[in-house]
Amino acid sequence: MNINEISLAYNVPIDCIQDFENQGFFDEVKQINGKKIYEEKDIQKLSFLMTLKNVGMSIQDMKKYIQYISEGDSLSLIHISEPTRLDVI
């Protein structure tokens with residue numbers, strides 16, 4: 001799926017997806033003829049990012065959280081900034 005199709009199918013504004021792209025969350029997305037093609041794993045990641053965004057997590061904390069998850073850190077929330085952690089809880 002391309003960015004327009006994802007935006008329509010999942011009701012996520014294109015500028016929100018582009019913001020996530022600009023922050024480096026989708027650097028691994030496959031490209032064909034210079035256009036990003038989102039696969040199921042990318043859509044799952046977008047869904048996860050939207051959940052974090054909807055609970056008020058900052059981009060900086062999203063990056064930390066995803067890094068901790070990828071490193072297998074089971075206590076990831078301890079490392080997130082205090083105001084965000086309290087908002088999530």
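Keep in mind it's a predicted model, so treat the numbers as computed, not measured. What's counted below: heavy atoms across the whole structure, side chains too, no hydrogens, waters or symmetry copies.
By the 6.0 Å contact criterion, NZ on Lys41 is enclosed, its count of non-hydrogen atoms from other residues, nucleotides or ligands being greater than 12. A 6.0 Å sphere centred on CG of Asn54 holds more than 12 heavy atoms belonging to other residues, nucleotides or ligands.
Side-chain contact between Asp61 and Tyr65 is absent, with no heavy-atom pair separated by less than 4.5 Å. Side-chain contact between Phe25 and Met62 is present, with heavy atoms from C-beta onward closer than 4.5 Å. Annotation: side chain of Lys36 is not in contact with side chain of Ile3 (no heavy-atom distance under 4.5 Å). The closest side-chain heavy-atom distance from Ile37 to Met1 is not below 4.5 Å.
Look at Glu39 and Lys45 and you find no salt bridge, because none of the NZ, NE, NH1 or NH2 atoms lies under 4.0 Å from a carboxylate O.
Atom OG of Ser7 is separated from atom CG of Asn2 by 10.0 Å, given to the nearest 0.5 angstrom. Annotation: the span from Ile6 atom CD1 to Leu46 atom CG amounts to 6.5 Å, rounded to 0.5 Å. Atom CG of residue Asp42 and atom CZ of residue Phe26 lie 6.5 Å apart, to the nearest 0.5 angstrom.
Although no hydrogens or angles enter the test, the distance criterion places no donor-acceptor pair under 3.5 Å between the side chain of Asn33 and the main chain of Lys35.
At a threshold of 4.5 Å between side-chain heavy atoms, the hydrophobic network of Ile, Leu, Val, Met, Phe, Trp and Tyr places Leu52 and Ile69 in one connected group.
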Please table the atom pairs, donor to acceptor, closer than 3.5 Å between any side-chain atom in residues 13-23 and protein atoms at least two apart or in another chain.
residue : atom : partner : partner atom : Å
Glu21   : OE2  : Tyr38   : OH           : 2.1
Asn22   : ND2  : Gln18   : O            : 3.3
Gln23   : OE1  : Lys63   : NZ           : 3.0

